[in-house]
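Below is one structure, written out as structure tokens; comments come after it.
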Amino acid sequence: MDDGGSTKRGAARLEALSPGQPIPFGGDRVAVVSPELATAFRAGDRLLVAATGDDAALLHVPAAQHALVEEAVGRAADAFAAMGEASDAAITRFFELFAARLADDGVWTRIAEANARDVEAARARGRSTTRLQVSGGMRGDMVGGLRAWAEAEASRGKVLERVEHSGWTVEQVVAPLGVVGFVFEGRPNVFADATGVIRTGNTVVFRIGSDALGTARAIVAEALEPALAEAGLPRGAAVLVDSAAHAAGWAMFADPRLSLAVARGSGPAVAQLGAIARQAGTPVSLHGTGGAWMVVDETADADRFFAAAYHSLDRKVCNTLNVCCIVESRADELVPVFLEALRAAGQRRTGCKLHIAEADAIRLPAPWRTGRATVIRADGPREEALAEPIADADLGREWEWEETPEVSLKIVRDVAEAAALFNAHSPRFVATLIAEDAEAHRRFFAAVDAPFVGDGFTRWVDGQYALNRPELGLSNWENGRLFARGGVLAGDGVFTVRSRVIQADPHLDRGGAPTPARPQGRPA
């Protein structure tokens with residue numbers, strides 16, 4: 001019988017690479033080893049292939065990074081095995097203690113000092129520090145999020161469904177999922193959010209971006225590990241992979257012991273991590289590209305539009321307004337309203353920057369077409385054109401601004417065209433419609449392929465702000481809709497379901513046969 005040409009042989013260890021060496025992947029594709037990779041690779045190292053779309057990258061994981069991650073994931077796996085003996089009260093106590101330590105001024109001073117060093121080093125490298133620098137508000141959000149988990153209902157062992165049969169019952173029971181791997185950019189507050197998976201009895205291992213590694217170390221030493229110890233939870237319930245190397249994140253997402261891989265950040269790096277995890281057979285939660293879209297219907301109220309645009313540009317995060325589409329029939333009236341809102345948002349920050357669809361530039365007032373602006377970039381202030389043309393194909397680009405609000409503007413025939421542009425070019429994340437017509441909202445909700453749809457400002461998309469639950473991550477639909485969950489991943493949403501049977505009738509038999517009489521006396 002033809003077996004398709006398969007062969008079965010023992011596998012050998014990869015000890016070395018040579019320049020130009022082909023590395024097969026995906027069944028019918030090949031990546032080629034570069035001279036630099038061949039020179040760097042040593043016996044004991046690992047080689048990963050991350051295929052995203054039509055691109056593929058060969059990723060080198062040095063043996064030392066692999067060993068570091070293997071030990072960290074191993075500690076989290078061992079802790080998960082012990083979490084079944086930890087009470088819900090102990091888990092609650094952990095969150096209370098973690099919050100209390102972050103609320104302690106002495107502890108926070110030491111964390112803030114470590115963060116100041118991180119910020120200084122990042123600035124020296126020309127890196128963005130917008131989301132890196134801790135503040136009183138960030139501290140309050142961290143403490144509030146941890147206290148919310150302390151107060152949250154314990155869901156371990158919760159019976160979701162009970163099916164009654166004659167003589168027996170089946171229960172569907174909430175159970176912990178396992179070890180959650182977490183990679184995120186340099187945002188110290190997310191570090192506390194990630195521990196939310198412990199609420200449902202999971203454990204977590206995480207790697208933070210190199211910019212915030214010093215801050216993360218301080219949080220671990222000053223607050224996280226003392227809280228775990230005092231609450232009586234296994235120390236490995238939350239483990240920091242103490243490495244600044246990207247290879248550590250690759251190795252972590254390639255570890256098959258993870259039950260879920262979560263990546264927060266932006267751009268190709270997140271997609272690459274997702275590809276690694278999928279190859280290992282691990283479910284992923286990704287949010288690689290952000291940027292909200294606002295569509296303005298012919299029935300829009302101008303004041304409501306102004307307020308929605310202004311309040312969607314308070315700071316740059318993933319749900320900040322990125323693209324505004326205005327219907328042509330109201331463009332003469334509403335384009336100036338949008339420009340007023342953008343300029344007002346710039347006065348709140350430091351100037352503003354507009355990108356406008358090439359065909360629509362003529363609609364701008366002359367001062368916008370010819371004006372110049374000082375734009376704050378990661379490497380410092382730059383003088384740039386106040387408005388620049390953009391191709392429709394580039395409407396999906398997320399503007400990662402620092403202090404200068406930056407958005408794109410497109411004039412559309414109608415809401416249907418705007419929805420089509422959103423589905424074709426956006427990361428399919430946040431869409432909002434400004435309209436007074438209820439039927440327009442119904443059609444818009446049905447047309448846009450987005451997990452988050454609204455009728456006002458875009459900045460509501462936040463687990464803690466909208467759902468009163470600290471989020472592990474927000475997921476867009478760039479890679480398709482999510483199975484059996486929404487776009488907000490929270491700690492109490494990381495669970496599996498186990499089935500448990502309670503048999504009241506000991507004589508159950510699928511074929512209806514009676515239980516035979518049990519022989520009495522000693523067996524022959």
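- Applying the side chain to side chain donor-acceptor pair (under 3.5 Å) criterion to Glu161, with sequence neighbours excluded, gives no partner residue.
- With Ser408 contributing its side chain and Leu395 its backbone, the two residues share no donor-acceptor pair below 3.5 Å.
- Between Arg264 and Leu286, the closest side-chain pair of non-hydrogen atoms is not below 4.5 Å.
- Phe338 pairs by the ring pair (Phe, Tyr, Trp, His ring centres under 6.0 Å) definition with nothing, not counting sequence neighbours.
- Side-chain atoms of Leu59 and Gln272, non-hydrogen and from C-beta on, do get closer than 4.5 Å to each other.
- The side chain to side chain donor-acceptor pair (under 3.5 Å) search around Arg369 returns none, not counting sequence neighbours.
- Annotation: ring pair (Phe, Tyr, Trp, His ring centres under 6.0 Å) contacts of Trp399 (sequence neighbours excluded): His355.
- For the residue pair Asn319/Thr458, the side-chain donor-acceptor check at 3.5 Å is not satisfied.
- Legend: salt bridge (Lys or Arg N to Asp or Glu O under 4.0 Å) pairs involving residues 132-141, not counting sequence neighbours, sorted by first then second residue: Asp105-Arg139.
- A salt bridge is absent between Asp242 and Arg207: the closest approach of a Lys/Arg side-chain nitrogen to an acidic carboxylate oxygen does not fall below 4.0 angstrom.
- Side-chain atoms of Thr195 and Trp149, non-hydrogen and from C-beta on, never get closer than 4.5 Å to each other.
- Taking a cutoff of 4.0 Å between a charged side-chain nitrogen and a carboxylate oxygen, Asp297 and Arg330 do not qualify as a salt bridge.
- Considering OG of Ser329 and CZ of Arg413, their distance stands at 12.5 Å, rounded to 0.5 Å.
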- Going through the checks in order, is the salt bridge (Lys or Arg N to Asp or Glu O under 4.0 Å) test met by Arg349 and Asp314? CA-CA 8 Å; Arg349 308 290 298 188; Asp314 61 318; over 6 Å; no

Tabulate below the donor-acceptor pairs under 3.5 Å that side-chain atoms of residues 303-310 make, not counting sequence neighbours, or state none.
| unit_1 | atom_1 | unit_2 | atom_2 | d |
| --- | --- | --- | --- | --- |
| Arg304 | NE | Asp455 | O | 3.3 |
| Arg304 | NH2 | Asp455 | O | 2.9 |

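- Annotation for Asp301 and Glu436: closest pair CB-OE2, 3.7 Å, computed over non-hydrogen atoms.
- Looking only at side-chain heavy atoms (C-beta outward), Leu47 and Val61 stay at 4.5 Å or farther from each other.
- The minimum heavy-atom distance between Ala418 and Val295, with the atom names listed, is CB-CG1, 3.6 Å.
- For residues 196-219, the pairs satisfying ring pair (Phe, Tyr, Trp, His ring centres under 6.0 Å) are Phe191-Phe206, with sequence neighbours left out.
- In this structure, Lys316 does not pair ionically with Glu406, as no charged nitrogen and carboxylate oxygen lie closer than 4.0 Å.
- Counting heavy atoms from C-beta outward, Val270 and Val183 have side chains that stay 4.5 Å or more apart.
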Could you tabulate the donor-acceptor pairs under 3.5 Å formed by side-chain atoms of residues 278-285, not counting sequence neighbours?
| unit_1 | atom_1 | unit_2 | atom_2 | d |
| --- | --- | --- | --- | --- |
| Gln279 | NE2 | Val49 | O | 3.1 |
| Ser285 | OG | Ser475 | OG | 3.2 |
| Ser285 | OG | Arg485 | NH2 | 2.8 |

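- Under a 3.5 Å cut-off, the side chain of Asp462 and the backbone N or O of Tyr465 do form a donor-acceptor pair.
- Atom-to-atom distance recorded for Asp211:CG and Leu132:CG is 6.0 Å, nearest 0.5 angstrom.
- Side-chain contact between Leu386 and Cys352 is present, with at least one heavy-atom pair separated by less than 4.5 Å.
- Summarising the geometry of Val205 relative to Val73, their closest heavy-atom pair is CG1-CG2, 4.2 Å, with the distance given to 0.1 Å.
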- Step by step, would you call Glu151 with Arg147 a salt bridge (Lys or Arg N to Asp or Glu O under 4.0 Å)? CA-CA 6 Å; Glu151 296 166 1; Arg147 287 175 175 162; over 6 Å; no

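- Summarising the geometry of Thr129 relative to Ala122, their closest heavy-atom pair is CG2-CB, 3.9 Å, with the distance given to 0.1 Å.
- Scanning all heavy atoms of the two residues, the minimum distance from Pro176 to Phe80 falls at CB-CE1, 3.5 Å.
- Not counting sequence neighbours, Ser259 has no partner by the side chain to side chain donor-acceptor pair (under 3.5 Å) test.
- A distance-only check finds no donor-acceptor pair linking the side chain of Arg428 to the backbone of Asp449 [under 3.5 Å].
- Checked by atom type and distance alone, the side chain of Thr432 pairs as donor or acceptor with a backbone atom of Gly456 at under 3.5 Å.
- Of the candidates Ile356, Ile390, Asp360, Lys410 forms a side chain to side chain contact (heavy atoms under 4.5 Å, CB included) with just one, namely Asp360.
- Residues forming a ring pair (Phe, Tyr, Trp, His ring centres under 6.0 Å) with His60 (at least two apart in sequence, or on another chain): Phe41.
- Between Leu37 and Leu58 there is a side-chain heavy-atom pair separated by less than 4.5 Å.
- For CZ of Arg217, the number of neighbouring non-hydrogen atoms (other residues, nucleotides, ligands) closer than 6.0 Å is greater than 12.
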- Message: Walk me through whether Glu400 and Ser128 qualify under side-chain hydrogen bond (donor to acceptor under 3.5 Å, both in side chains).
- Response: CA-CA 10 Å; Glu400 291 284 2; Ser128 170; over 6 Å; no

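- One finds the CG atom of Asn476 at 8.5 Å from the OG atom of Ser426 (value rounded to the nearest 0.5 Å).
- Residues passing the side-chain contact (heavy atoms from CB on, under 4.5 Å) test with Pro451 are Trp477, sequence neighbours excluded.
- Between Glu403 and Arg348 there is no salt bridge, since no side-chain N of the basic residue sits under 4.0 Å from a carboxylate O of the acidic one.
- Judged by distance alone, the side chain of Thr203 and the main-chain N or O of Ala237 form no donor-acceptor pair under 3.5 Å.
- A donor-acceptor contact shorter than 3.5 Å is absent between the side chain of Asn115 and the backbone of Gln133.
- Sorted by first and then second residue, the pairs that involve residues 487-496 and meet salt bridge (Lys or Arg N to Asp or Glu O under 4.0 Å), not counting sequence neighbours, are Arg469-Asp492.
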- Message: For a salt bridge (Lys or Arg N to Asp or Glu O under 4.0 Å) check, start with the C-alpha distance between Asp379 and Arg377, then their side-chain angles and the critical distance, and finish with the verdict.
- Response: CA-CA 5 Å; Asp379 57 356; Arg377 300 294 183 192; over 6 Å; no

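- For NE2 of His441, the number of neighbouring non-hydrogen atoms (other residues, nucleotides, ligands) closer than 6.0 Å is greater than 12.
- No side-chain donor from either of Thr299 and Asp437 sits under 3.5 Å from a side-chain acceptor of the other.
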- Is there a salt bridge (Lys or Arg N to Asp or Glu O under 4.0 Å) between Arg343 and Glu340 once you walk through the steps? CA-CA 5 Å; Arg343 195 177 289 281; Glu340 290 169 7; over 6 Å; no

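- Around the CD atom of Glu120, the shell of radius 6.0 Å holds no more than 12 heavy atoms that belong to other residues, nucleotides or ligands.
- When side chains are defined from C-beta on, Val337 does not count as touching Ile326, because their heavy atoms never get closer than 4.5 Å.
- Nearest approach of Arg459 to Val317, heavy atoms of both residues: NH1-CG2, 3.5 Å.
- The structure places CG of Leu334 at 11.0 Å from CD of Glu298, a figure rounded to the nearest 0.5 Å.
- A donor-acceptor pair is defined here as one N or O able to donate and one able to accept, closer than 3.5 Å; such a pair exists between the side chain of Thr320 and the backbone of Arg315.
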